[in-house]
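Residue numbers start at 1 and run along the sequence shown.
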Amino acid sequence: MTTSERIRRQMELRGLSYGELAASTGLAKSAIHRYATGETGKIPTEALEKLARSLGVTPSYLTGWEEEHPHTLAAHFEGEEFSEDELREIENFVRFVKSRRK
């Protein structure tokens, strides 16, 4: 699976449009379209990181360096959006809970 296919697949799984992904990443909608359709294979590292974060995967997964489908933690939050700092806190809490396993 190519990077563009992985981007499109994750967008579909999350029900995200190009506009929604652009809003959450700060990237241009046209750039996301080029990345997702394979029109360009050159995705800047910073853009790849923003896409991965917004899609709930790693840059390694999007590029194909990591083949295993990522584990996704999903929840419903009554329309509230989380800041980047809050999302990092949530990820840290997940790591903490996992670290307590025997």
> How long is the span from the CZ atom in Arg6 to the CG atom in Leu13, to the nearest 0.5 Å?
Replying inline: 12.5 Å

>> Testing the basics here: between Val57 and Gln10, what is the closest heavy-atom pair and its distance to 0.1 Å?
In response: CG1-OE1, 3.6 Å

>> Can you confirm whether more than 12 heavy atoms, excluding those of Glu46, are under 6.0 Å from its CD atom?
In response: no

> Checking Arg34 side chain against Glu39 main chain: does a donor-acceptor pair fall under 3.5 Å?
Replying inline: no

> So, Ser60 and Thr58: side-chain donor and acceptor under 3.5 Å apart, yes or no?
Replying inline: no

> Is a donor on one side and an acceptor on the other found under 3.5 Å between the side chain of Thr40 and the backbone of Tyr35?
Replying inline: no

> Residues two or more places apart in sequence or in another chain: which of them pass salt bridge (charged side-chain N to carboxylate O under 4.0 Å, His left out) with Arg53?
Replying inline: Glu84

>> I'd like to know if the side chain of Arg14 reaches the main chain of Leu55, judged simply by a donor and an acceptor atom lying under 3.5 Å from each other, with no hydrogens or angles considered.
In response: yes

Which side-chain N or O atoms in residues 17-25 pair as donor and acceptor under 3.5 Å with protein atoms at least two apart or in another chain?
{"unit_1": "Ser17", "atom_1": "OG", "unit_2": "Gly19", "atom_2": "N", "d": "3.4"}
{"unit_1": "Ser17", "atom_1": "OG", "unit_2": "Glu20", "atom_2": "N", "d": "3.1"}
{"unit_1": "Ser17", "atom_1": "OG", "unit_2": "Glu20", "atom_2": "OE1", "d": "3.4"}
{"unit_1": "Glu20", "atom_1": "OE1", "unit_2": "Ser17", "atom_2": "N", "d": "2.8"}
{"unit_1": "Ser24", "atom_1": "OG", "unit_2": "Leu21", "atom_2": "O", "d": "3.2"}
{"unit_1": "Ser24", "atom_1": "OG", "unit_2": "Ser54", "atom_2": "OG", "d": "3.1"}
{"unit_1": "Thr25", "atom_1": "OG1", "unit_2": "Leu21", "atom_2": "O", "d": "2.8"}
{"unit_1": "Thr25", "atom_1": "OG1", "unit_2": "Ala22", "atom_2": "O", "d": "3.4"}
{"unit_1": "Thr25", "atom_1": "OG1", "unit_2": "Leu27", "atom_2": "N", "d": "3.1"}

>> For a quick test of reading the model, state the closest non-hydrogen atom pair linking Pro59 to Ala52 and the distance between them.
In response: N-CB, 3.5 Å

> Side chains of Ile43 and Ile7: closer than 4.5 Å at any heavy-atom pair?
Replying inline: yes

> Is the count of non-hydrogen atoms from other residues, nucleotides or ligands lying under 6.0 Å from Lys29 atom NZ greater than 12?
Replying inline: no

